[in-house]
Structures are given as structure tokens and as C-alpha cells.
2 protein chains.
Amino acid sequence: MKTITLKQIAEELNISVTTVSKALKDYPDVSKKTRQRVLDLAKDLNYIPNSFAVSLRMQQSKTIGVIVPATVHHFFSNVIKGILKEAEKKDYLVILLHSNENYELEKKQVDLLISKGVDGILISLSNKTNNFEHLQKIIDHDIPLVLFDKIAKTVKCSKVIVDDRKAAYDVVSHLIKKGHRRIAHFRGDLNPQNSIDRFLGYKQALLDHDIDFDPTLVYMCNNNSDFEDGYSNAEKLLKDHGKTIDAIFTITDVIAIGIIKYFTDHNIKIPEDIALFGFSNWFMASVISPALSSVEQHGYEMGEKSAHIVFQEIDSKHNDMPIEPQIVVLPTELIIRDSC
Amino acid sequence: MKTITLKQIAEELNISVTTVSKALKDYPDVSKKTRQRVLDLAKDLNYIPNSFAVSLRMQQSKTIGVIVPATVHHFFSNVIKGILKEAEKKDYLVILLHSNENYELEKKQVDLLISKGVDGILISLSNKTNNFEHLQKIIDHDIPLVLFDKIAKTVKCSKVIVDDRKAAYDVVSHLIKKGHRRIAHFRGDLNPQNSIDRFLGYKQALLDHDIDFDPTLVYMCNNNSDFEDGYSNAEKLLKDHGKTIDAIFTITDVIAIGIIKYFTDHNIKIPEDIALFGFSNWFMASVISPALSSVEQHGYEMGEKSAHIVFQEIDSKHNDMPIEPQIVVLPTELIIRDSC
DNA sequence: TTGTAGGCGTTATCAT
DNA sequence: ATGATAACGCCTACAA
């Protein structure tokens with residue numbers, strides 16, 4: 001099937017390219033008759049505008065770029081879903097890139113996206129990213145940028161996040177209210193803000209309830225397999241502290257599931273011996289035994305909202321009425337199940 | 001930051017655009033000195049070629065499109081990961097689209113992809129798709145097309161699949177060898193080939209082992225929540241057949257997990273009372289109790305391979321040496337755990 | 001109401 | 001070794 005251009009339609013109809021173009025775009029200054037002839041033939045020939053030409057001419061691509069560490073996490077899958085849904089509504093296409101938690105890759109992908117002329121960019125930062133020049137570059141190029149979930153506070157752009165600190169605070173407060181006092185925390189990498197914020201929320205909750213913070217109760221999970229981290233740290237925890245521990249708050253459901261596995265294997269009862277609270281409310285949390293209490297993060301909504309904001313910024317940039325970056329904090333919810 | 005074009009570099013250096021372009025592309029007919037001056041300035045100015053112009057000129061976008069029903073399934077996440085990895089290697093970008101198991105949407109998205117001028121398209125068909133005109137359109141446009149996992153046998157293009165029939169056959173044979181005779185099958189929608197093939201494998205295995213096929217042992221899972229389907233059909237199965245059932249083979253791990261939940265809730269022992277075999281080897285399969293036996297489908301490799309093939313086809317199209325569609329059947333593996 | 005002409009940024013052909 | 005020119009396909013200000 002040969003690709004149809006305006007020129008071919010024009011020749012066929014013995015009119016100018018201009019008129020064809022105008023007819024197709026519903027310009028008022030085309031006679032009804034001509035317009036109809038053009039429309040008919042275009043449909044007949046299955047005319048599709050060449051988007052490269054349009055983009056070149058219009059300086060916009062109707063495409064946005066998205067960079068996430070990975071989509072194998074249920075949370076990000078949901079975010080992507082929200083983004084795609086929103087893009088679909090606006091007739092935008094989405095270019096998806098995985099940084100694989102790799103800063104260099106993330107940087108390269110930003111360059112790629114810029115060079116592709118995407119109209120906007122959404123990023124959830126890799127855990128390894130602590131240099132933000134590449135983000136600044138996006139801003140310098142005047143491309144709307146929205147950071148979501150894993151953000152950099154210092155970068156001047158819109159952000160969509162969850163109040164990790166508060167969520168963690170709520171979790172630990174809940175645990176304390178349930179009577180637990182020796183509460184361990186399985187945290188994530190030192191770098192990403194989420195990990196820090198959740199840790200801070202944990203600490204604050206202890207403080208506010210007059211429980212001394214004990215650093216030996218904090219375990220680091222960073223060997224790239226959350227499940228393994230949970231399993232092995234559960235073992236370590238027991239070795240270190242025996243059963244003096246009342247509860248564990250994990251930074252991620254998968255870590256909690258690793259713990260469940262270890263506890264099940266070693267006959268430790270949840271929540272009787274040790275209570276457990278996860279984070280992210282992964283689908284599995286509701287399904288595993290015991291059903292895992294967790295924090296719902298509303299990934300889908302985060303995707304929707306993030307996309308919504310870039311589109312807003314794209315539109316207002318187009319109208320020459322640039323708007324200020326906005327920071328949206330999505331609510332979280334404690335989902336209480338059987339594990340605490 | 002203003003966008004830099006060849007023209008600007010040319011003016012700055014007082015040479016022609018042509019020379020700048022050549023210098024940047026390492027043409028041999030540019031003096032060393034000129035080339036260096038161009039290269040330096042380009043780097044200095046942070047020159048990025050305008051990809052619309054390049055695409056328009058070159059008639060290729062260095063972009064491929066991917067349509068999947070959804071990525072919230074672990075399997076597809078893995079496929080996507082494989083595709084992105086492969087694309088990254090070839091410096092291609094990937095436009096991701098979700099059909100949401102919706103034929104109309106799938107069709108629309110194909111049009112979008114065509115109009116965007118992607119160099120190749122990968123699709124895993126929606127369950128609702130049983131008209132393939134949109135695929136034919138892709139082929140007519142001479143755009144390399146690869147179908148993976150959920151394919152249409154009659155469409156003349158490359159395909160990457162798994163031998164679902166054999167995999168199912170192997171599962172059921174294994175179950176029979178273990179001594180089970182009354183084996184139920186929780187199958188999927190009637191439409192997708194996979195569902196049919198797995199059912200056929202199930203039936204064939206029974207036949208080959210002299211077990212009568214009993215249609216009342218086959219349950220349909222199609223209300224869009226696999227977990228719920230598993231749970232409710234487990235209930236139905238027990239109501240219909242009591243504990244005369246030896247084993248259940250499910251078309252998907254999530255269905256099996258629904259069953260596990262129901263059985264756990266109702267004190268039915270797996271595998272003592274009823275054995276269980278899943279499909280897809282979702283991460284959770286290894287982690288749930290009892291650990292679920294399943295079929296490893298190698299999603300990541302499927303993604304890699306599919307992408308590899310489109311790139312092959314794109315390249316050979318470019319060299320005017322079109323190649324024949326190929327059909328790749330990836331091996332599957334029975335992963336035996338505790339549930340059978 | 002219709003058409004001409006210029007330009008978006010790049011690349012390729014052909015002169016010089 | 002360098003450059004003028006045309007072309008990719010589309011849009012739009014301006015002329016006719």
C-alpha cells in the first residue's frame with residue numbers, strides 16, 4: 001500500500017495542495033463542494049498525514065516520554081496504566097523507558113527523549129540518581145517535566161508524590177496503638193527520598209509515643225531482591241534480637257512477603273509472635289496468608305495525575321501562558337488486614 | 001535554552017549548512033580542520049539533531065510500537081522489559097500502548113502507530129480480537145509486524161510463541177503420572193488461542209492416558225478478575241463434584257492463587273486433598289504457601305526475541321532484502337513445587 | 001474561493 | 001574541499 005500525501009490528492013483532483021490541506025482541516029475558505037470531494041478521496045485513499053512533516057512544521061510531536069526504574073513492580077505497572085489512560089484521552093503517545101535503577105542509563109534516556117522532541121517528560125528517578133543535571137537540561141529545553149514518586153526535592157518542576165513520611169508515621173502509630181513497642185524497620189536504600197521519608201516517619205512516631213529509637217532495629221534492604229532481603233533480614237533479626245521484637249514495618253510488601261516466608265518456615269506466628277506491616281498494597285498482600293496489612297499508594301491515580309499535569313503544562317506553554325510548577329501530594333490509606 | 005540547528009552552526013562558522021552536516025556525519029570530503037571546528041562548536045552549543053527533520057528526510061523514525069492487553073500482569077511486564085532492553089541496544093525507542101483487552105482500542109492504536117510512522121510493530125492480541133483487518137493494514141503498509149504470545153495464526157507475519165498445547169500436555173501428564181485421574185481444568189476465555197491450545201493439551205493428555213474427558217470438569221474463567229474466578233470456581237467445583245477431584249490445572253497462576261485462598265479458607269489440603277498446577281510461573285508462585293507448581297514461560301526472552309525479529313525485518317527491509325516471516329516457539333519448563 | 005511561495009531542519013546529488 | 005539546490009510532506013500568510 002503506497003503512502004498517500006496531500007500532493008497526490010491534489011493532483012488527482014486537479015487542485016492545489018493548499019486547498020486540499022485546508023479542506024482537510026476544515027478551513028472556512030473552501031467551498032463545500034471542494035471540501036467534500038477532498039474528504040471523499042482522502043477517505044477513499046486512506047490518507048494518513050505524515051506525522052514527521054506535521055511535527056516538523058508544528059514543532060510538537062503529540063508524544064510524551066516516561067522513564068521509570070522498572071515496570072515489573074506492580075506499583076509502577078499501575079502508574080503506567082494511569083499514564084497511558086490519560087494519554088489515550090488526549091490522543092498522545094507514550095514512549096516508555098526503563099532506567100533499570102541506573103543513573104547513566106537514565107541520563108542517556110533523557111537525552112534520547114529530548115532529541116526525539118517529546119512534548120513532555122515524566123520521570124520516577126532511579127535509586128542511584130543523586131545528580132540532577134539531566135533534569136535541569138530538560139527544564140532548560142523548556143520541556144514540561146513532572147517527577148513522580150521518586151523525586152528530587154531540589155529540582156524546580158512539578159511533582160506528584162505520596163506523603164511517605166506521614167504514611168510511615170501512621171503505620172507505626174497504628175502498631176504502637178495495638179500495643180507493640182519493639183518495632184523493627186526494614187528500610188530501603190539510603191538514597192531515594194521515599195526510603196528516607198518513611199524512615200523518618202517511623203522514627204517520629206516512636207518519638208511521639210515515648211519509645212526510644214533503637215538503631216539496631218533498623219535493617220537495610222539493598223541487594224536488589226526485596227524478597228531475599230526480607231527473608232535474610234528476618235533471619236538476622238531473630239538472631240540479633242530473639243523474640244523480643246513485637247512488630248516489623250517494611251518499606252515494601254515484597255520484603256514483608258519474604259519475612260512471611262521465613263516466619264512460616266520457622267514456625268513464627270504472625271501477628272501473635274510478631275506483627276507485620278507492609279507498604280504499597282501490592283495485589284498479593286490481600287491474597288497471601290496471613291493477609292498483609294499495607295499502605296495503599298494509589299499508583300493508578302498517580303499516573304493519571306502526573307500525566308494530567310504535563311498535559312496542562314504542555315497546553316499552557318502552547319498558549320504562551322506558562323504556569324508554575326505544582327506539587328501534588330496524593331493521600332495514602334492504611335489497609336488493615338490480618339498481619340497486625 | 002534555544003534549540004540549535006545546522007544553520008546556526010553554519011552561520012557562526014561562516015560555512016555552508018551542507019558542510020556542517022557532512023562534518024557531523026564524518027563524511028570523508030571535509031577537511032580535518034573544518035570538521036574539528038564544526039565538532040567543537042556543535043558540542044559547545046549542545047547541538048541535537050532535530051529528529052522530526054531526520055525522520056522526514058530518512059523516512060524512518062527509529063521507533064517501534066508495542067501493544068499489549070495490559071502490563072499489570074507480571075508476564076507482560078517481563079516481555080516489555082525484554083523489548084526495552086533490546087531496543088536500548090539498537091538505539092530504538094518504544095511506544096507502549098495498552099489495548100485493555102478491547103478490540104476497538106487495539107484497532108485505533110494500530111492506526112495511531114501507523115500514522116506515527118513507527119518502523120515496526122509488536123502486538124500481543126487482546127482477548128476480544130477476532131478480526132484481523134487492522135493487522136493486515138500494518139502488513140499492507142509494509143511495516144514489519146511481530147505477534148507474540150497472543151497471536152492470530154492466519155495472519156502472515158512473524159510470531160513468537162510458546163507451545164501452549166505441549167506445555168499443558170506436559171502438565172497434565174505429570175499430574176497423571178503422580179496418580180491423579182480426576183483432573184479439573186480452569187480455563188480462560190474461548191477466544192484467545194492460548195486458552196484453546198492449553199485446553200487441547202489438557203484433553204490430549206487425558207486421552208493418551210486412557211482417561212475419559214469429562215466436560216463438567218472444565219470451568220470457564222472470564223469475568224476479568226482471575227483471582228476471583230479461581231476463588232468462586234473452586235467453590236463451584238466442590239459443590240459440583242465434592243472431593244472426588246484429584247487435581248486442578250489452571251490456565252494462570254493467579255487463578256490458582258484464588259483457589260489456594262479458597263482451599264485455605266475451607267481447610268482443604270494442597271496437594272493432599274487436591275493437587276494444583278498453575279501456568280506462567282509468576283513470581284508469587286514460588287513464594288506463596290504452598291509453593292505453586294507452574295509453567296515457566298520466559299517472558300523476558302519472548303520480549304527480546306520479538307524485538308530482535310522486528311529489528312531484523314526492519315534492517316533487511318532497509319537493505320531491500322525482505323525476509324520471510326518466521327515463527328519462533330520458545331521452550332517452556334515445568335517448575336515443580338509443593339502444590340502437586 | 002483558490003493558489004503561490006516560503007519555511008520547518010535535515011540529507012543527498014551534483015557542481016564548482 | 002566546499003557549496004547551491006532540491007526534496008522529504010505539511011502548514012499558513014499572503015496574493016490573486
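A, B, ... follow the sequence lines: proteins, then strands. Residue 1 opens every chain. In this text the structure is predicted, and so the values were computed from the model without any measurement.
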N/O to N/O distances under 3.5 Å, protein versus nucleotides 12-16 of chain C:
residue, atom, partner, partner atom, Å
C/dA12, OP2, B/Tyr27, OH, 2.7
C/dA12, N6, B/Thr18, OG1, 3.4

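- Distance CG (A/Leu56) to C1' (C/dT10): 8 Å, rounded to an integer number of Å.
- Rounded to whole angstrom, the span from the CG atom of B/Asn50 across to the C1' atom of D/dC8 amounts to 13 Å.
- In terms of phosphate contacts, A/Thr34 brings a side-chain nitrogen or oxygen within less than 4.0 Å of OP1 or OP2 of C/dT2.
- Mapped onto DNA chain C by nearest heavy atom, A/Val30 and A/Gln59 fall at different nucleotides, with A/Val30 at the one closer to the 5' end.
- Contact between the side-chain N/O atoms of B/Thr19 and the OP1/OP2 oxygens of D/dG3 is found at a separation under 4.0 Å.
- No contact: A/Val17 has no heavy atom under 4.0 Å from any strand.
- For the side-chain contact (heavy atoms from CB on, under 4.5 Å) test, residues two or more places apart in sequence or in another chain that qualify with A/Ser16 are A/Thr18, A/Thr19.
- Whole-Å rounding puts the A/Phe52 CZ to C/dG9 P distance at 17 Å.
- Checking the phosphate oxygens (OP1, OP2) of C/dT2, a side-chain nitrogen or oxygen of A/Ser31 falls inside 4.0 Å.
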As a quick check of understanding, evaluate side chain to side chain donor-acceptor pair (under 3.5 Å) for B/Lys150 and B/Asn127, giving each step before the final call. CA-CA 8 Å; B/Lys150 313 247 205 133; B/Asn127 282 343; 2.7 Å; yes

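- Among residues two or more places apart in sequence or in another chain, the side-chain contact (heavy atoms from CB on, under 4.5 Å) test is passed with A/Asn78 by A/His74, A/Lys81, B/Val72.
- Taking the salt bridge (charged side-chain N to carboxylate O under 4.0 Å, His left out) definition, one finds that A/Lys85 meets it with nothing, sequence neighbours left out.
- Residue A/Tyr47 places no side-chain N or O under 4.0 Å from the OP1 or OP2 atom of D/dG9.
- A search for side-chain contact (heavy atoms from CB on, under 4.5 Å) contacts involving B/Thr129 returns B/Tyr103, B/Glu106, B/Leu125, B/Ser126, B/Phe132, B/His134, not counting sequence neighbours.
- Going from atom CD of B/Glu11 over to atom P of C/dG9 covers 12 Å, rounded to whole Å.
- Nucleic acid contact class of A/Ser55 (heavy atoms, under 4.0 Å, all strands): none.
- Computed from coordinates, the A/Ile4 CD1 to D/dC10 C1' distance equals 15 Å when rounded to whole Å.
- Atom CG of A/Leu6 and atom C1' of C/dT4 are 16 Å apart (whole Å).
- Between B/Asp91 and B/Lys62, no side-chain nitrogen of the basic residue sits less than 4.0 Å from a carboxylate oxygen of the acidic one, so the salt-bridge criterion is not met.
- In this structure A/Tyr92 satisfies the ring-ring contact (aromatic ring centres under 6.0 Å, His included) test together with A/Phe311, sequence neighbours excluded.
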